[in-house]
Amino acid sequence: MARTAKSVKKVPRGRSSGSQMKIRARRKKPSPRHSAGPADLAALAALTGSIALAAPARAGELEEVQVTGRQINLVGQAQSASQGLVGRQEIELRPLLRTGEVLELVPGMVVTQHSGTGKANQYFLRGFNLDHGTDFATWVDGMPVNMRTHGHGQGYTDLNFLIPETIGELEYKKGPYYADVGDFSSAGAAELRTLKEMAGHRLEGTVGEDAFQRLLAVGGVATGPGQLLYGLDINRYDGPWADIKEDIEKLSALLKYTSPLASGELSVSLMGYDNSWNSADQIPRRAVVAGLVDELGSLDTTVGGESSRYSISATWRGDALRLSAYAIDYELDLFSNFTYLLDDPVEGDQFEQVDDRSIVGGQADWRFGDSPGGSGMRHRLGADWRYDMIDEVALYRTRAQQRLGPVRCDEVDEWSVGLFYENELAWSDRLRSLIGLRYDYYDFDVRSRVGDNVNGVDLRPNGGSADDDTLSLKGSLIYTISEQWEIYASAGQGFHSNDARGTTISVDPADGAVVGSVDPLVESLGGEVGARAFWRERLNTSVALWYLELDSELLFVGDAGNTEPNRASERRGVELTAYYQLADHWTLDMEYAWTDAQFSESAPEGDDIPGALEHVVQAGVSLDQEAGWFGSLRLRYFGERPLVEDGSVKSDSTTVLNLRAGYRWERLTLQLDALNLLDSDDHDIDYYYASRLPGEPAGGVEDLHYHVMEPRTLRFSLSLEM
């Protein structure tokens with residue numbers, strides 16, 4: 001993609017950070033054939049490999065290319081120093097082991113996995129072990145990804161249904177300062193938007209170690225007044241594990257039509273996803289030391305799962321008004337075993353989690369007032385609603401995936417509505433403010449699907465209804481020093497919803513003990529000061545000093561069917577980002593995040609928050625030529641973290657290096673992904689808890705349980721442009 005444009009169309013001040021810049025570049029006449037010369041080989045050696053973008057235009061032809069993301073100067077547009085946009089070009093260059101790792105494009109975000117590839121990833125950001133998504137909101141084309149009252153965990157965020165090659169851009173907002181973001185917003189939010197169109201067709205095949213096979217077909221065609229985009233992704237993979245085959249069979253599909261309509265633009269999308277897999281779960285350290293299992297082995301080879309997601313969505317965008325609606329059908333059937341023989345020394349501790357639901361919802365967003373660039377006042381009004389109709393959310397005891405009996409099984413209706421208003425006022429040419437007010441209302445209805453005697457416990461009292469609402473105030477003060485520099489002060493209230501079952505629970509399903517319910521909504525309060533700079537169209541950098549309080553870390557534990565109380569917490573940190581254009585085709589980027597996370601209420605067991613990362617570093621160098629070599633070499637590091645409240649047990653740090661490298665001819669592209677390039681045996685995830693192996697005493701043994709990173713793996717792709 002050209003970086004040496006003769007002219008750049010400026011983005012008007014005040015437009016959304018999702019705005020795009022168009023570049024028209026006159027290209028040199030290409031030679032009839034492009035062959036690799038000494039300069040090309042030197043570039044390859046410097047990067048350890050590379051890639052090419054689209055074929056050159058014909059002589060004298062003006063080609064219009066869209067430039068988005070970190071190449072855009074967000075000074076005058078952003079609301080905070082923790083807000084940004086990532087464009088398609090960066091996404092395409094990123095080597096990915098798993099689809100969910102696309103969220104590592106959010107600075108400071110770490111994405112790992114402790115189980116099978118079909119399960120939602122584990123996320124870490126701003127001192128949160130976000131589990132599978134709690135406290136970070138994610139959308140795709142206006143559809144929420146976080147699952148409320150989910151069978152495995154609140155806020156469950158499974159991005160496996162996405163086809164990475166169809167993602168057009170990712171917009172992120174860290175912190176609870178944005179009026180249009182409600183549930184799961186304390187640490188931040190991200191929206192991924194698929195492409196509106198694609199020129200031509202692309203057929204790609206990938207093969208790799210451990211029987212990795214992938215077939216990809218994406219493309220676009222003009223249909224009537226609009227554009228039709230399609231994508232099909234078929235993936236099979238056995239994995240590197242010693243005693244199981246992951247046996248992944250994944251299918252993802254996308255069909256999207258975009259067309260002008262009534263002085264605006266209408267997009268209608270159909271998405272489909274189906275996946276099944278076997279899991280290699282975390283294992284206890286003592287079992288590896290004793291030689292009972294290899295680091296790549298499993299103590300229960302019968303765990304795994306299957307999941308599906310089908311959706312239809314529509315969005316209409318005008319100059320000032322945006323309307324959207326969606327319907328989603330979702331299922332998950334997941335088998336896990338983390339404690340082995342701790343609870344049941346005869347049948348074992350394997351359990352099944354079930355989630356079967358339909359979701360409908362929509363959004364409206366209206367902007368009015370002074371035109372961009374004016375000196376007056378602008379307004380924004382918005383609303384969103386969502387209704388989860390959960391036919392079954394359940395936990396069963398199992399052995400080798402055969403049900404032994406229910407622990408808990410419920411039917412849930414949960415709906416919410418959110419309203420927000422935002423005011424932007426230009427006090428002078430340099431000073432502007434944004435003040436937002438948001439109101440959210442939630443209603444929960446839980447009905448038990450099991451009888452009055454489950455292991456001697458009557459679970460009918462756990463049903464019932466609850467509701468709650470919250471009012472959130474958010475705002476930013478922005479001072480523009482120059483066209484290249486801007487400083488920010490932001491503050492806001494956020495929240496996350498709790499599992500509906502926790503809001504009505506009164507009886508512990510394990511032993512029938514009386515337990516208390518939890519608050520439906522947990523509020524947070526955060527603030528930050530920061531600065532952003534866009535220097536000589538080469539350096540895009542930002543710094544943010546932030547603080548966040550959370551009223552309670554209460555969670556509904558899907559693995560046990562009950563609530564787990566925890567204390568209020570506070571987090572503070574510093575984040576630095578820098579993206580530097582080394583030369584026309586070379587880019588260097590670096591991100592560093594430091595966080596201090598503590599429980600704010602002292603207790604004898606200690607004040608450290610288990611799983612809270614203190615240091616995160618990501619860095620990379622990318623080559624992106626118009627033709628020939630292209631590639632990206634990326635480093636990710638996250639430091640040690642406490643695993644228990646007193647800090648006496650900590651994980652080791654983890655470092656991984658990934659490479660994408662390739663070469664493109666006019667229509668043919670050859671690409672290599674070398675994942676975990678240095679073959680590190682660091683851990684993806686670490687936990688510390690009690691489990692029981694054969695021959696061990698009742699009560700089990702407290703031990704480190706971990707999931708090792710997948711060994712170095714090579715994947716080769718060949719694609720044809722048509």
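We're numbering straight along the sequence, starting at 1. Quick caveat, the model's predicted, so the values are computed rather than measured.
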side-chain hydrogen bond (donor to acceptor under 3.5 Å, both in side chains) partners for T223, two or more places apart
none
Which pair of heavy atoms, one from R712 and one from L678, lies closest together, and at what distance?
NH1-C, 4.0 Å
Quick one: closest heavy-atom pair of T206 and S717, and the distance?
OG1-OG, 2.7 Å
Beyond-backbone contact of P107 with Y172, side-chain heavy atoms, under 4.5 angstrom:
yes
Under the side chain to side chain contact (heavy atoms under 4.5 Å, CB included) test against I312, which residue among L255, L270, I328 passes?
L270
Can you tell me which residue among N146, D131, T138 is in a side-chain hydrogen bond (donor to acceptor under 3.5 Å, both in side chains) with T157?
N146
Smallest separation among heavy atoms of S267 and T258, with atom names
OG-OG1, 3.0 Å
Where is the tightest heavy-atom contact between E209 and L714, given as atom of each residue plus distance?
OE2-N, 2.8 Å
Restricting to pairs with a member in residues 255-275, which pass salt bridge (charged side-chain N to carboxylate O under 4.0 Å, His left out), not counting sequence neighbours?
D141-K256, K196-E265
Please tell me whether H132 and H114 form a close aromatic pair, meaning their ring centres lie under 6.0 Å apart.
yes
Just checking, R309 and Y156: is the charged tip under 6.0 Å from the six-membered ring centre and within 45° of the axis?
no
Can you give the donor-acceptor pairs under 3.5 Å from side chains of residues 93-100 to other protein atoms, not counting sequence neighbours?
| unit_1 | atom_1 | unit_2 | atom_2 | d |
| --- | --- | --- | --- | --- |
| R98 | NH2 | D684 | OD2 | 3.3 |
| T99 | OG1 | K250 | NZ | 3.4 |

Thinking salt bridges, do R386 and D384 make one under a 4.0 Å N-O criterion?
no
Shortest non-hydrogen contact between L74 and G84, atoms and distance:
CD1-CA, 3.9 Å
